[in-house]
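Read through the structure below, which is laid out as structure tokens, and then see the notes.
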Amino acid sequence: MARKILCVAEKPAIARAVATHLSGGSMQTRSIRGTQFVKNYEFDFNFGGAWGNCSVTMTSVVGHLTGLDFERQYKGWTSCPPGSLFEAPVQEAVDKDKLPIAENIRNQARFSKALFIWTDCDREGEHIGSEVRHQAKSGNARIEVKRAKFSNTERAHVLRAAREPVELDDLQANAVAARIELDLRIGAAFTRLQTLQLQTLVAVLQEKVISYGSCQFPTLGFVVDRYLRVKNFKPEPFWGIKVMLKRDDIKVNFLWRRVHLFDRAAVTMMLERCLAAKQAKVTKVNQKPTSKWRPLPLTTVDLQMMGSRFLRLDSQTIMKVAETLYTKGYISYPRTETDQFDKAIDLKSLVEKQLQDQGWGQYARELLDGKFRTPRWGRHNDKAHPPIHPVCWVSPNQLQANEKKVYEFVVRRFLACCSDDAKGQTSEVEIQYGEEMFHANGLIVLERNYLDVYVYDKWESSQRLPAFQRGELFEPTEANISEGKTTAPNYLTEPELIGLMDANGIGTDATMAEHIAKIKEREYVATHNRGGGRSSVQELIPTRLGVALVEGYDNVVAGLPNSVSLSKPFLRKEMELRMLEICAGTKTRQDVVQESLDMYREVFIHTQRRIDMLKDACRKYLVEEAAS
DNA sequence: GCAAGGTC
């Protein structure tokens with residue numbers, strides 16, 4: 001009898017895709033009692049080498065199998081002092097709704113010679129793989145464990161992954177295990193402490209959960225930080241010099257190289273020297289080709305940022321809609337950090353699928369008729385998923401309003417990626433007037449290219465500059481002082497917040513939108529509309545509670561050496577660096593858990609000791625300010 | 001009633 005091999009993917013969609021490729025399309029699909037999404041696919045496959053021809057069962061989990069929680073006697077909120085959660089015993093258990101999935105793996109392992117793990121090739125994937133291995137081994141202690149290494153589900157790539165398996169990376173799995181334990185202990189300890197302490201303080205906080213999370217709080221911190229900058233902003237006056245020349249009926253405004261200065265007397269003096277010189281001299285005339293680059297292949301973070309900006313949907317809605325489009329098979333997997341299209345993907349055949357569209361079919365035709373360009377190559381690759389792209393065409397009347405918007409964006413972005421940059425010509429004229437330098441710029445757009453399909457980018461010709469000769473002298477039509485003052489920054493918008501989270505390593509592509517939704521749900525922040533109509537933008541403004549928490553924690557650690565406020569991304573970043581050390585093998589999981597717990601425990605102890613500062617801040621904003 | 005990370 002042929003040897004049996006069990007393959008397990010991270011999600012049903014990958015199991016199906018891989019099974020389809022390995023089986024060449026002829027496989028048996030079996031459903032599993034107790035679970036809706038997971039299926040077992042049975043087929044034969046020749047793995048080559050030592051394995052040879054095998055009978056295969058390909059199945060999947062649905063993300064993580066297990067969860068970590070405190071032992072029973074620590075679960076009640078008043079069962080123990082919150083601080084003891086830093087040491088309280090924890091246990092890992094298969095989630096209730098995942099029990100049939102775990103059982104399926106144990107059963108299948110029993111008759112299998114080997115387990116091939118097909119989870120995503122990222123850190124969480126290695127951990128999920130270790131959970132799968134644990135189940136398989138408890139069904140069959142002697143099962144041999146291998147890991148398939150793949151970064152997309154293109155056929156040849158999948159076949160190679162099957163024939164050249166590697167080992168599971170326990171270091172990465174350990175790093176995730178450390179993160180899971182830390183998030184649980186720290187989140188629960190601070191959440192219980194602040195909830196129990198603050199609930200009884202003011203009536204509006206009764207019944208409320210005042211959660212703390214290592215991602216939630218820095219996210220809140222960004223919102224409060226911007227809010228305070230807006231609130232404390234003091235406008236400052238400045239002065240500049242503007243020079244205008246009217247030639248060929250065109251008004252040319254020259255901009256000052258110094259832009260502006262905050263000293264009126266100095267600017268006046270500089271202007272007088274210009275006027276005294278009477279004539280300005282053209283020092284440089286430059287015409288050169290320029291281009292506006294087509295966008296990079298689409299990542300999740302970019303989808304959320306661009307989506308909030310142009311589709312007027314918040315990031316969580318965008319992800320929900322994108323997921324629906326993915327499940328229906330219209331677009332590729334929407335959670336990806338990759339902005340490089342693998343060489344093996346047949347992009348032209350994807351363009352071809354869009355030919356029938358009323359809106360952009362004609363544009364797709366032109367790409368196939370010779371205007372197609374290989375997409376730009378970004379700097380990110382998560383080695384698990386390709387950039388987000390349309391998989392097939394769908395008629396707009398089969399989609400709901402939001403689905404239509406997101407699908408259209410994904411398609412236009414994809415076609416833009418496969419297009420040429422927009423081309424133009426800039427002209428620059430530089431003049432010296434007295435001692436000061438000024439310049440004027442003009443732009444002519446010559447070829448719109450990708451702009452024709454990517455309606456979200458704007459690049460337009462400015463007024464044409466009249467002809468200038470290098471070395472020529474002219475007398476400006478006008479030269480005078482301009483006056484202005486610095487303006488306050490705006491409140492944070494969602495795309496800006498996602499950008500900040502991304503830059504500071506807060507959350508992942510899949511969770512950033514959830515963290516933002518969480519701090520809204522907790523009523524730490526609220527959204528307001530700035531402006532009206534089509535140009536209105538959603539702004540994030542902290543509530544009184546949100547400001548109070550950040551100010552309270554900032555006060556708790558103020559003046560203490562080495563203690564960083566929980567509202568800053570610093571502690572989370574530190575944790576991330578330690579996880580990388582586990583992956584590199586320079587630290588163990590136990591070391592990192594202890595070190596990070598020590599770090600957070602110190603803040604915890606300060607918080608307990610100076611809890612009045614947290615309470616004072618809440619009183620200040622929730623009682624006094626609310627009354628005034 | 002707590003977290004963040006997978007995925008449906």
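Please read all numbers here as calculations on a predicted model, not as lab measurements. Here is how names work: the chains are called A, B, and so on, in the same order as the sequence lines, proteins then strands, and each is numbered from 1.
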Please give, in whole Å, the distance from [N] [atom2] to [X] [atom1]?
X        : N     : atom1 : atom2 : result
A:Glu92  : B:dA3 : CD    : P     : 19 Å
A:Glu576 : B:dA3 : CD    : P     : 19 Å
A:Tyr600 : B:dA4 : OH    : C1'   : 12 Å
A:Gln199 : B:dC2 : CD    : C1'   : 12 Å
A:Glu523 : B:dG1 : CD    : P     : 19 Å
A:Leu193 : B:dA3 : CG    : C1'   : 15 Å
A:Asp509 : B:dT7 : CG    : C1'   : 13 Å
A:Met579 : B:dA4 : CE    : P     : 13 Å

With sugar-phosphate meaning primed atoms plus P, OP1 and OP2, does [X] contact a base, only sugar-phosphate, or nothing at under 4.0 Å between heavy atoms?
X        : value
A:Pro12  : sugar-phosphate
A:Lys320 : nothing
A:Gln36  : nothing
A:Arg179 : base
A:Tyr212 : sugar-phosphate
A:Gly507 : sugar-phosphate
A:Tyr74  : nothing
A:Gln194 : nothing
A:Gln216 : sugar-phosphate
A:Asp122 : nothing
A:Ser214 : sugar-phosphate
A:His127 : nothing
A:Arg572 : sugar-phosphate
A:Leu68  : base

TODO: Give a yes/no answer on whether the side chain of A:His515 brings an N or O atom under 4.0 Å of OP1 or OP2 in B:dG5.
DONE: yes
Open item on the list: Taking 4.0 Å as the cut-off, does a side-chain nitrogen or oxygen of A:Arg335 come that near to OP1 or OP2 on B:dT7?
Closed with: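 So the side chain of A:Arg335 is within the cut-off, an N or O lying under 4.0 Å from OP1 or OP2 of B:dT7.
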Side chain of [X] only, please: which of [options] is the nearest?
X        : options             : value
A:Trp77  : B:dC2, B:dG6, B:dT7 : B:dC2
A:Arg522 : B:dG6, B:dG1, B:dC2 : B:dC2
A:Cys215 : B:dG1, B:dA4, B:dA3 : B:dA4
A:Asp95  : B:dC2, B:dA3, B:dG6 : B:dG6
A:Asp120 : B:dC2, B:dA3, B:dT7 : B:dT7
A:Ala188 : B:dA4, B:dC2, B:dT7 : B:dC2
A:Tyr333 : B:dT7, B:dG5, B:dA3 : B:dT7
A:Thr195 : B:dC2, B:dA4, B:dG1 : B:dG1

TODO: Decide whether A:Glu581 and A:Thr586 meet the rule of one side-chain donor and one side-chain acceptor closer than 3.5 Å.
DONE: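 There is such a pair (donor and acceptor under 3.5 Å, judged by atom type) between the side chains of A:Glu581 and A:Thr586.
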Open item on the list: Any donor-acceptor pair under 3.5 Å linking the side-chain atoms of A:Glu514 with those of A:Thr511?
Closed with: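 Looking only at side-chain atoms, A:Glu514 and A:Thr511 do not form any donor-acceptor pair under 3.5 Å.
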TODO: Find the distance between SG (A:Cys7) and CG (A:Leu115) and round it off to the nearest 0.5 Å.
DONE: 8.0 Å
- [ ] Output the distance between atom CG (A:Leu614) and atom CD (A:Gln194), rounded to the nearest 0.5 Å.
- [x]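 One gets 6.5 Å once the value is rounded to the nearest 0.5 Å.
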Open item on the list: Given 3.5 Å as the limit, does a donor-acceptor pair link the side chain of A:Ser79 with the main chain of A:Gly76, or not?
Closed with: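 Indeed, once roles are kept as given, a pair shorter than 3.5 Å links the two residues.
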Task: Heavy atoms from other residues, nucleotides or ligands near NE2 of A:His134 exceed 12 (cutoff 6.0 Å) - done: no
Task: Flag side-chain contact, heavy atom, 4.5 Å: A:Trp118 against A:Arg147 - done: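 No; the side chains remain at least 4.5 Å from each other.
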Open item on the list: By nearest heavy atom, map A:Lys208 and A:Ile506 onto DNA chain B; which one lands nearer the 5' end?
Closed with: A:Lys208
